[in-house]
Amino acid sequence: MNDPHMNAAAAEAYMESLANEDELLLKIKRVIHEARMPDVSVAAGYGKMLTLLATLSGARRILEIGALGGYSGICMARGMAEDGTLTSLELKPEYAEMAAGHLAEAGFGERTRYLVGPALDSLERLHADGERFDFFFIDADKLNYVNYLDMALKMAEPGAVIVADNLLLRGRTLNLERNGPAILTVREFNRRMAEDPRLIGTLLPAYDGFSVAMVKKA
């Protein structure tokens, strides 16, 4: 009889085999590897989920925190409304330039903008300018995940979707003997995404952990 507990790695490999990444997404992964950038793009299965969530929510104004090479940006842009726009925050100018080039190659160049510098500074400027968004993707430095969530809630339209990646920190989140600043921050972020009374949210355990929440409508 087969083991009733499916091996997580085998399950993820199976799901990845069905993700059907196109040549542009595969190219982005190659370019990131060749440039010796961190190989931390969203998993292919979750990339498809970003497209699905953006499509289902009818996202028109997307805010991405952490661009890297543009993989997740393309996934979201493919699902946003025809008049939708993507604003992406990236600390490093060379990463933002690469991501912008890939979004342009995907046909979204005129509907995307990149703000370079510390994300909290960019978020404060966007908030001061009165900008609002209906879809957020958080995939940047873990020490600021709770701060990013607080800023997202300040700028969220009712019914906005908030998504975040890497919530298991490759198992460190689950290890109660590990209590570094980033781990504690991510644990609090996870608790907030699941329990904040302003949100309807859940956490998904596949890959490195993923959360999805919706801002409650008044």
Side-chain angles (χ1 to χ4, degrees), residues 1-59 62 64-80 86 88 95 98-99 102-103 105-108 135-142 145 161-176 178 182-183 186-187 189-194 199-214:
M1 182 178 294
N2 292 331
D3 186 341
H5 300 289
M6 181 180 294
N7 179 279
E12 290 170 6
Y14 171 70
M15 302 243 181
E16 290 290 280
S17 73
L18 299 174
N20 296 320
E21 294 172 287
D22 60 31
E23 181 53 36
L24 179 54
L25 294 179
L26 293 173
K27 172 189 173 183
I28 292 173
K29 287 186 173 180
R30 289 197 301 270
V31 171
I32 287 173
H33 178 74
E34 291 167 1
R36 297 186 177 180
M37 294 164 58
D39 188 13
V40 292
S41 295
V42 66
Y46 282 154
K48 295 198 80 169
M49 183 177 290
L50 287 175
T51 304
L52 175 63
L53 290 171
T55 302
L56 289 174
S57 66
I62 298 175
E64 175 184 46
I65 304 174
L68 195 63
Y71 189 107
S72 56
I74 287 175
C75 292
M76 290 184 287
R78 286 174 171 172
M80 67 185 176
L86 168 69
S88 186
Y95 292 4
M98 176 186 293
H102 287 142
L103 266 292
E105 187 174 347
F108 301 107
F135 196 102
F136 300 82
F137 181 47
I138 301 171
D139 190 13
D141 59 300
K142 308 312 180 239
Y145 260 40
V161 174
I162 302 175
V163 187
D165 195 20
N166 302 124
L167 303 180
L168 295 179
L169 296 176
R170 300 186 178 182
R172 286 177 292 158
T173 303
L174 307 177
N175 185 349
L176 298 183
R178 301 286 297 273
I183 296 171
V186 169
R187 286 179 185 149
F189 177 89
N190 292 344
R191 187 193 68 79
R192 289 271 305 275
M193 288 290 278
L199 300 170
I200 303 171
T202 190
L203 286 80
L204 306 177
Y207 301 106
D208 196 30
F210 199 77
S211 64
V212 182
M214 184 185 78

Could I get the full list of side-chain contact (heavy atoms from CB on, under 4.5 Å) partners for Ala164, not counting sequence neighbours?
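side-chain contact (heavy atoms from CB on, under 4.5 Å) check on Ala164 returns Ile138, Tyr145, Leu167, Phe189, Ser211.
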
State which residues pass side chain to side chain donor-acceptor pair (under 3.5 Å) with [X]; sequence neighbours excluded, sorted by chain then number.
{"X": "Asn190", "answer": "none"}
{"X": "Arg192", "answer": "Asp150, Asp196"}
{"X": "Arg172", "answer": "none"}

Considering only heavy atoms from C-beta outward, does the side chain of [X] approach that of [Y] to under 4.5 Å?
{"X": "Met80", "Y": "Phe135", "value": "no"}
{"X": "Leu68", "Y": "Asp139", "value": "no"}
{"X": "Tyr95", "Y": "Pro38", "value": "yes"}
{"X": "Leu176", "Y": "Arg187", "value": "yes"}

Enter the distance from [X]:[atom1] to [Y]:[atom2] here, rounded to the nearest 0.5 Å.
{"X": "Met49", "Y": "Thr51", "atom1": "CE", "atom2": "OG1", "answer": "11.0 Å"}
{"X": "Asn20", "Y": "Leu18", "atom1": "CG", "atom2": "CG", "answer": "7.0 Å"}
{"X": "Leu169", "Y": "Asn175", "atom1": "CG", "atom2": "CG", "answer": "11.5 Å"}
{"X": "Ile32", "Y": "Met37", "atom1": "CD1", "atom2": "CE", "answer": "5.0 Å"}

For Phe210, which of Thr202, Val163, Leu168, Asn166 qualifies under side chain to side chain contact (heavy atoms under 4.5 Å, CB included)?
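Between Phe210 and the candidates, side chain to side chain contact (heavy atoms under 4.5 Å, CB included) is satisfied uniquely by Val163.
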
Tell me whether [X] contacts the main-chain N or O of [Y] through its side chain, where contact means a donor paired with an acceptor under 3.5 Å.
{"X": "His102", "Y": "Gly69", "result": "yes"}
{"X": "Glu64", "Y": "Phe137", "result": "no"}
{"X": "Tyr46", "Y": "Ala206", "result": "yes"}

Verify side chain to side chain contact (heavy atoms under 4.5 Å, CB included) between Ile28 and Ile74, making sure each step is shown before the conclusion.
CA-CA 10 Å; Ile28 292 173; Ile74 287 175; 3.5 Å; yes

Search all heavy atoms of [X] against all heavy atoms of [Y] and return the closest pair with its distance.
{"X": "Arg170", "Y": "Asp208", "answer": "N-OD1, 2.6 Å"}
{"X": "Gly45", "Y": "Ala19", "answer": "N-CB, 4.4 Å"}
{"X": "Ala99", "Y": "Ala67", "answer": "CB-CB, 4.1 Å"}
{"X": "Ala59", "Y": "Ile62", "answer": "CB-CG1, 3.9 Å"}
{"X": "Cys75", "Y": "Gly47", "answer": "CB-O, 3.3 Å"}
{"X": "Leu103", "Y": "Gly70", "answer": "CD2-O, 3.7 Å"}

Does atom CE (Met15) have a neighbourhood of more than 12 heavy atoms from anything else shown, all under 6.0 Å?
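Not buried by this count: 12 neighbours or fewer within 6.0 Å.
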
Going by the side chain to side chain donor-acceptor pair (under 3.5 Å) test, which pairs reach into residues 33-43, not counting sequence neighbours?
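Passing the test, one end in residues 33-43: no pairs.
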
Intermediate values then yes/no, side chain to side chain contact (heavy atoms under 4.5 Å, CB included), Val42 and Tyr71:
CA-CA 7 Å; Val42 66; Tyr71 189 107; 3.6 Å; yes

According to the salt bridge (charged side-chain N to carboxylate O under 4.0 Å, His left out) rule, which pairs have a member within residues 14-26, sequence neighbours left out?
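Passing the test, one end in residues 14-26: Glu21-Lys29, Asp22-Arg78, Glu23-Arg30.
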
